[in-house]
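Presented below is the structure to which this report refers.
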Amino acid sequence: MRTWFRRHGRDFAWLAPLLVLAGFVHSSGMTRAPAFTEVEGETITRIADGAWSLPADFGLAQLAAWIGPAGALDRAAHAVAAGREALLVVQLLGVVLLWMLARRLDVARPAAAVAVAVFAVSPLALYLHRMVLVENVAVLWMLLGFALATARRRQPVAFPAAGVAVLLAVLTQATFVVVAPFVVWTMWQQVTARAWRLALGGLAAATAAGGYVYVLFSLAGPVRGGEAPEHLWSLDPVLVAVGPAAAAAALLFRPLRPAAGALLTLALLIVVPGGSAAVALPIAAVPLAALLVPAAAHRLIVRLLTVRGRPEAMPLAIMTATAAAALIVVVTATWPGELRPLLRGDAVAPVAQAERWIEANVPRDARLVVDHTMREDLLRSGFSAGGVLPFTSFPVATAPGDLLPLGAAVPARRTFEPRPPGWTHYDYIVSTPALRADDTDRPDVRTALVESTVVAEFGSGGGRVEIRAIHPLGRAVAEAVAAGDRRTVRYATGQLLRNDALTFNAAARAVASAGRVDPRLVIVLGKLSGTHQLDVSLPALPGEQDGVRRRLVLGGLPTEDEAARLALWLLGQPPPFTPSQVDTDGTTVVATYSLAAPRGLLPDPP
């Protein structure tokens, strides 16, 4: 231990506070931002269900190795949050490996510390590293492969280990085959024997040829869960712009060339095809950009110091100081604004509120269409697996193919492909950001959204979550029926508003005049008006501001005992007039009724 600390004590002293910084920044709000994505939900669902196998799902196996034994699913409020807990461990391991790679490339400790800080604090890095994606695990193997490839001693052991690390990165996420040639290039730099160089050069060429053919073909089709370049730019314009520039400068220095070539290649694959890029590409590029910015700056400063006293020294010093000052100003101007929603925001709050509303108001035997980010949570709360369907289970619209020639045999379907029932089979569809972000055309989902109405809404803008009741006969029919019900309720509440025993506040009077009151409340108030003098309020339940009011607040009772007797009277009413919940607060009684009232309780108006 004494020998180890003598050799690595200074590195450990630098790395320890960086680990604390990375852990603190990553964990601050990691379960609240960014918003859950459908890919994260699918990943957690497969891990929770044990629906993975080796070697095809090697990335899922690595995440499950933490989530299962650590009991993360039992502790977390959301299933996806359990996966994000595992990503905190991945982030800390990535910090260690990035430090090790920087030091093996002879990057000074202050510059290596800047690289780790950028890797941990950059808004783009924080956004990507928090998401439950197997690509984040593959980054660990990529960094380990680069670090082992820089070995100057014990190369017969280090180089095969680097190859295994790259292979594990590719097994975790196949797109990481892009970096394999550059790891081989790093090995090629460390050897001098002609035979070794020829062998490594051939290996690099083979991996490059096969790897890039695979990646280009995979990028030709639609990318699910990808990231648009403009979104990456909006998250962190500093790293997106400075990273490739630093890579171009790093090509001047031999040890940094493989990493610089890898970053430039990833940047081209992100930008050139257009549209959304596979999320593996920016995730692989972030640690390389974080490394090359301070590493290239360090090398340029060392080169500048070697020309001290020469005529070109002063212009180089002025340009370097100006570039450093400009970079600091831009970082100070952009990073805090992008980091604030990641550290203090709560993009998951609408999802949590919607889940609580469903658990409190929707029967457990109801049939719902949801995204994967909510499905596992609803299953844990008692809903049946057959009644909670991921929207991705619905079939995708297919374009009609070419007509077969007259008399041609129609090929028989050899496999049975089960599909869920149509959209009319389900009672509710939950419209979340993850569902709306899916650009796949699914006719059943599209029709269910059109032929449904909002019964509860949480959040606003693009992050809102809508719980929509599906109408099998169509939305137009449901709205016509609802208009008739409002007309009936409006006539009945008009009688109550003229009753001197009931005093409605202004908000309750407006709601009653519009007919947006549950008919059960109307009948209960009619009964109470003959025996009590009451103040009446009709507040909206959370998420139901524009819906039918089904909560009744009765005040003006003389004593607390009278309020308690009234609460018992309400609970003793026969169905369907029995409230689902009754509370008392002093001389005030609050009664809440279930979501759906039977039709035909009130007579038709004359």
Side-chain angles (χ1 to χ4, degrees), residues 353-354 356-358 360-362 427-431 451-460 464-471 473-499 501-529 534-556 570 573 575-583 588-606:
Q353 294 166 354
R356 288 195 295 268
W357 188 94
I358 292 173
N361 296 283
V362 177
D427 303 312
Y428 298 93
I429 181 170
V430 184
S431 175
E451 304 296 347
S452 62
T453 54
V454 177
V455 294
E457 181 178 357
F458 302 92
S460 60
R464 73 187 184 282
V465 176
E466 298 173 345
I467 302 168
R468 307 178 67 94
I470 297 175
H471 306 297
L473 297 180
R475 181 174 178 175
V477 173
E479 289 179 345
V481 171
D485 291 342
R486 284 195 301 270
R487 189 164 50 250
T488 302
V489 172
R490 187 162 55 244
Y491 175 78
T493 53
Q495 312 302 315
L496 295 177
L497 292 174
R498 291 192 291 269
N499 193 320
L502 303 177
T503 303
F504 289 79
N505 62 19
R509 184 174 292 273
V511 170
S513 300
R516 292 174 38 233
V517 183
D518 191 297
R520 292 168 294 183
L521 274 63
V522 176
I523 294 175
V524 168
L525 285 173
K527 291 182 179 180
L528 291 174
S529 65
L534 297 170
D535 298 329
V536 180
S537 299
L538 299 169
L541 287 165
E544 301 181 28
Q545 284 76 12
D546 298 329
V548 174
R549 302 299 170 89
R550 53 189 181 92
R551 172 171 283 180
L552 178 64
V553 179
L554 302 173
L570 288 170
Q573 294 302 300
F577 302 104
T578 310
S580 59
Q581 182 179 349
V582 176
D583 300 303
T588 301
V589 178
V590 181
T592 304
Y593 287 79
S594 59
L595 183 61
R599 300 196 68 246
L601 295 179
L602 293 173
D604 293 332

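Between Thr488 and Pro603, the closest heavy-atom pair is CG2-O, 3.3 Å. Nearest heavy atom pair, residue Asn505 against residue Ser537, reads ND2-OG, 2.9 Å. Between Ser431 and Arg468, the shortest heavy-atom contact is CB-CD, 4.4 Å. Taking every heavy atom of both residues into account, Gln545 and Glu457 meet most closely at OE1-O, 4.5 Å. Nearest approach of Ala508 to Val536, heavy atoms of both residues: CB-O, 3.9 Å. Taking both residues in full, the closest heavy atoms of Pro542 and Trp357 are given as O-CD1, 3.6 Å, listed atom of the first, atom of the second, then distance.
Tyr491 places none of its side-chain heavy atoms less than 4.5 Å from the side chain of Asp604. Residues Arg599 and Val481 have side chains in contact (heavy-atom distance under 4.5 Å, counting atoms from C-beta outward).
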Exercise. Dump the intermediate steps for side-chain contact (heavy atoms from CB on, under 4.5 Å) on Tyr593 and Val524, then the final yes or no.
Key: CA-CA 11 Å; Tyr593 287 79; Val524 168; 3.5 Å; yes

Exercise. Any chance you could lay out the side-chain contact (heavy atoms from CB on, under 4.5 Å) test for Ile358 and Val430, step after step, and finish with the verdict?
Key: CA-CA 10 Å; Ile358 292 173; Val430 184; 3.9 Å; yes

Self-check item: Worked verdict on Val511 versus Phe504 for side-chain contact (heavy atoms from CB on, under 4.5 Å)
Solution: CA-CA 10 Å; Val511 170; Phe504 289 79; over 6 Å; no

Quiz prompt | Stepwise side-chain contact (heavy atoms from CB on, under 4.5 Å) check, Leu525 with Leu554 | solution = CA-CA 10 Å; Leu525 285 173; Leu554 302 173; 3.9 Å; yes

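If you run side-chain contact (heavy atoms from CB on, under 4.5 Å) between Arg520 and each of Pro575, Ser594, Pro579, only Ser594 comes through. The side-chain contact (heavy atoms from CB on, under 4.5 Å) test with Leu552 is passed by exactly one of Val517, Leu538, Leu534: Leu538. Of the candidates Val454, Val455, Thr453, Val454 is the only one forming a side-chain contact (heavy atoms from CB on, under 4.5 Å) with Glu466.
Taking CZ of Arg486 as the reference point, atom CD of Glu479 lies at 8.5 Å (rounded to 0.5 Å). We find the CD1-CD distance between Ile467 and Gln353 to be 10.0 Å, quoted to the nearest 0.5 Å. How far OG of Ser452 is from CD1 of Ile429: 6.5 Å, rounded to the nearest 0.5 Å. A distance of 12.5 Å separates CG in Leu502 from CD in Gln495, rounded to the nearest 0.5 Å. One finds the CG atom of Asp518 at 9.0 Å from the CD1 atom of Ile523 (value rounded to the nearest 0.5 Å). One finds the CG atom of Leu570 at 12.5 Å from the CD atom of Gln581 (value rounded to the nearest 0.5 Å).
Within 6.0 Å of atom CG in Asp546, 12 or fewer heavy atoms from other residues, nucleotides or ligands are found, so the atom counts as exposed in its surroundings.
Distance alone, capped at 3.5 Å, places no donor-acceptor pair between the Gln573 side chain and the Thr578 backbone. In this structure, the side chain of Ser580 engages the main chain of Thr592 through a donor-acceptor pair within 3.5 Å.
Annotation: salt bridge (charged side-chain N to carboxylate O under 4.0 Å, His left out) contacts of Glu544 (sequence neighbours excluded): Arg550.
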